[in-house]
Amino acid sequence: MPRLEWPLHIVRRVVIGVIVLTVLAVAIPLTVNWFEERRARCGDGVVKMGDDRECVGVTDGSYTFADHLGPVEKKIKAENELVEKHGDKYVSVAYMTSFTLTEDDSNSEESVRHELEGAYLAQYRHNRGDLSSSPKIKLLVANMGSSAAHWEHTVDELIDRKTSDDKLVAVTGLGPSDTQNLDALRRLSDNGLALVASTMTATNIEGIKGLVRVSPTNVDEAYAASAYLKKEKVRRAVVVQDDARENYYAKTLGDAFTKVFQDIEGHQLVADRMTYDSSVRGAWENELRYMPGQLCDQKPEAVFFAGRGKHLTRFLDAIANRPCQDREFMVITGDDTTNLTADDLAHAAESKVRVLYTGLAHPDMWKEDPDAVSRPSAQHFQPGGLLAKWFPDDQHQDGQAIMAHDAVLTAAQGIQMASLGEVTGESVARMFHQMNSRQQVPGASGFISFQNNGNPRNKAIPILHLTAKGRSELVEVSARRGEPARKQ
């Protein structure tokens, strides 16, 4: 049989064709992946995730998570560039929470913006302000997404920053007392980072290595609220509580008040705890709507509301339409009210119900006792202070900026104290428990030191009244267990 021979030019074309097809087989998927990655990327360290294509991750201020954060992130970016430009020794501190928000979040845009403004103030003071110290700190902004849905991605990104040029040693902020946020901080703790929670108050957050918090616990808030009501001669109360399984804030707050208000002197709860479940969409508002009729029959002198601020506004709407219009109501609640916007607060005040709440901090809380706080720290939150100069369109009555400032300031002081040796997450965390006596953190919410369990020692708590203009007016300052506030 004759052998088939191909002309040389045809062989060459076949070989070239095979090579081209092989290259395309490899290149096309790579090109598709490249375009997919580019499409999913929002900025350095920030990617789109979830059905809503939410931009989550970590930035040095180069990427702006939301338009309203633009002015403060611009300042953070400039400060970070200054730290790198000067060539001084530095490490990084992250401020982590949910910065892209939906109606499912308990925090408002106003609230998280104030937090970031307070965090930047602490960075500025430590780097080149009145508390200038070394090593300098870069401030990273970490977004877990709405309801912390993408916490795992953001936490992994933070862990990677430990060994990058950022040299991350501490994470602050950490969001509300919800399941996802607790899972996030446990993962960060397991990876050796120091942690400072700014607004977490749930009582059962203990036993997490490297974690401290600058806010009082819900037990402390319950004692303060109970002491105030008893001083006001209130003897009959009712607890209304969110029964959602993952809302540790509401559960520990309701449990604590139930325990501390009742006593042998005749202070009592006149009915079983009234509950609603905010995790059941479309149902919880109806549950709140039917409660005022029961309250009219039970005739409590005060209602203790253990729920998120955004639920409080719906509850007050319901009470405003109560069947017993001639009966006056007093509602007292916890610190999550500070997450409401100015418009929300004004709407809540329209209910014609006297509303009080235990805040985490307030700019006016030390006017009667200025020696109980670091005056330089407090002055930055007063008219004419740095925050007012930098962000003149923002009011900081909600205390969120103060708490974030104190959280980052705590991390910065831990870094400075650890700088005699190698500054790591573990060495910074060990310094938290040396912050006593002359080493207390000069916070704007008071001088801060920590118990062995990471909770602040004898933290002052402001009792606030919601005025008809939707403003938070200071009533008095209490301390843990309702004792008079005092300098430690």
Side-chain angles (χ1 to χ4, degrees), residues 44-45 58-63 69 71-96 115-142 157-174 188 192-196 198 210 212 214 374 376-377 380 385-387 389-391 401 404-432 434-435 439-444 448:
D44 289 340
V58 182
T59 180
D60 63 355
S62 302
Y63 178 79
L69 299 174
V72 63
E73 285 207 54
K74 183 177 179 181
K75 286 185 176 295
I76 290 170
K77 173 61 175 172
E79 184 65 28
N80 287 340
E81 288 178 342
L82 204 59
V83 169
E84 292 178 333
K85 179 181 177 182
H86 284 180
D88 294 330
K89 183 179 179 182
Y90 70 85
V91 294
S92 290
V93 173
Y95 197 89
M96 183 177 77
E115 287 186 57
L116 204 53
E117 289 168 354
Y120 167 69
L121 172 61
Q123 179 197 22
Y124 175 89
R125 293 183 70 198
H126 175 83
N127 284 351
R128 55 193 176 101
D130 58 308
L131 293 175
S132 179
S133 187
S134 185
K136 305 303 181 188
I137 59 173
K138 287 178 59 178
L139 183 62
L140 305 179
V141 184
E157 184 71 24
L158 287 171
I159 292 168
D160 287 343
R161 302 290 178 115
K162 284 180 58 182
T163 53
S164 72
D165 290 341
D166 289 320
K167 294 170 282 191
L168 180 70
V169 296
V171 182
T172 61
L174 304 175
L188 292 167
L193 286 161
L195 305 170
V196 189
S198 57
V212 295
V214 296
S374 165
S377 293
H380 290 303
L386 284 180
L387 273 194
K389 291 178 180 178
W390 291 337
F391 311 107
H405 165 272
D406 287 2
V408 175
L409 201 65
T410 297
Q413 182 164 312
I415 288 166
Q416 184 272 323
M417 291 171 66
S419 63
L420 292 177
E422 183 183 2
V423 179
T424 64
E426 290 90 344
S427 66
V428 171
R430 286 196 295 272
M431 290 301 105
F432 292 154
Q434 304 303 319
M435 293 176 178
Q439 297 298 330
Q440 293 179 101
V441 180
I448 302 170

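Every heavy atom of this structure was used, including side-chain atoms; hydrogens, water molecules and symmetry mates were not. All values derive from a computational prediction rather than experimental measurement.
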Applying the side chain to side chain donor-acceptor pair (under 3.5 Å) criterion to Asn80, which one of Gln123, Lys75, Lys85 satisfies it?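 Between Asn80 and the candidates, side chain to side chain donor-acceptor pair (under 3.5 Å) is satisfied uniquely by Gln123.
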
Step-by-step side chain to side chain contact (heavy atoms under 4.5 Å, CB included) determination, Leu387 to His380: CA-CA 6 Å; Leu387 273 194; His380 290 303; 5.7 Å; no

What are the two closest non-hydrogen atoms of [X] and [Y], and how far apart are they?
| X | Y | answer |
| --- | --- | --- |
| Val72 | Tyr120 | CG2-CB, 4.1 Å |
| Val428 | Ala411 | CG1-O, 4.2 Å |
| Thr410 | Met435 | O-CE, 3.4 Å |
| Gly443 | Ile448 | CA-CD1, 4.4 Å |
| Ala119 | Val408 | CB-CG2, 3.7 Å |
| Ala404 | Glu115 | CB-O, 3.0 Å |

Taking it one step at a time, do Leu139 and Glu79 satisfy side chain to side chain contact (heavy atoms under 4.5 Å, CB included)? CA-CA 8 Å; Leu139 183 62; Glu79 184 65 28; over 6 Å; no

Contacts of [X] that satisfy ring-ring contact (aromatic ring centres under 6.0 Å, His included) - sequence neighbours left out:
| X | answer |
| --- | --- |
| Tyr90 | none |
| Tyr95 | none |
| Tyr63 | Phe65 |

For [X], side-chain contact (heavy atoms from CB on, under 4.5 Å) partners two or more places apart:
| X | value |
| --- | --- |
| Asp88 | His86, Lys136 |
| Gln434 | Met417, Met431 |
| Leu131 | Arg125, Leu409, Pro442 |
| Ala444 | Ser377, Phe381, Ile402, His405, Asp406 |

With side chains defined as the heavy atoms from C-beta onward, is the minimum distance between Val214 and Val441 less than 4.5 Å?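 No. Closest side-chain heavy atoms not under 4.5 Å.
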
Within-4.5 Å side-chain heavy-atom neighbours: Leu82 and Arg128: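 Heavy-atom side-chain distance check passes, below 4.5 Å.
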
Applying the side-chain contact (heavy atoms from CB on, under 4.5 Å) test to Ile76, which of Thr59, Leu140, Leu116 qualifies?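 Option passing the side-chain contact (heavy atoms from CB on, under 4.5 Å) with Ile76: Leu116.
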
Does Ser92 reach the main-chain N or O of Val169 with its side chain, forming a donor-acceptor pair under 3.5 Å?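 No; zero donor-acceptor contacts below 3.5 Å.
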
Residues two or more places apart in sequence or in another chain: which of them pass salt bridge (charged side-chain N to carboxylate O under 4.0 Å, His left out) with [X]?
| X | answer |
| --- | --- |
| Arg161 | Glu157, Asp166 |
| Lys77 | Asp60, Glu81 |
| Glu426 | none |
| Asp44 | Arg41 |

Side chain to side chain donor-acceptor pair (under 3.5 Å) partners of Ser427, counting only residues at least two apart: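 Thr424.
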
Nearest-0.5 Å distance, [atom1] of residue [X] to [atom2] of residue [Y]:
| X | Y | atom1 | atom2 | answer |
| --- | --- | --- | --- | --- |
| Ile159 | Ser164 | CD1 | OG | 12.5 Å |
| His126 | Ile415 | NE2 | CD1 | 6.0 Å |
| Asp160 | Leu158 | CG | CG | 9.0 Å |
| Leu188 | Leu193 | CG | CG | 6.0 Å |

Classify the ring geometry between Trp390 and Tyr124 as parallel (under 30°), tilted (30 to 60°) or perpendicular (over 60°).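 Ring orientation, 0 to 90° scale: perpendicular.
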
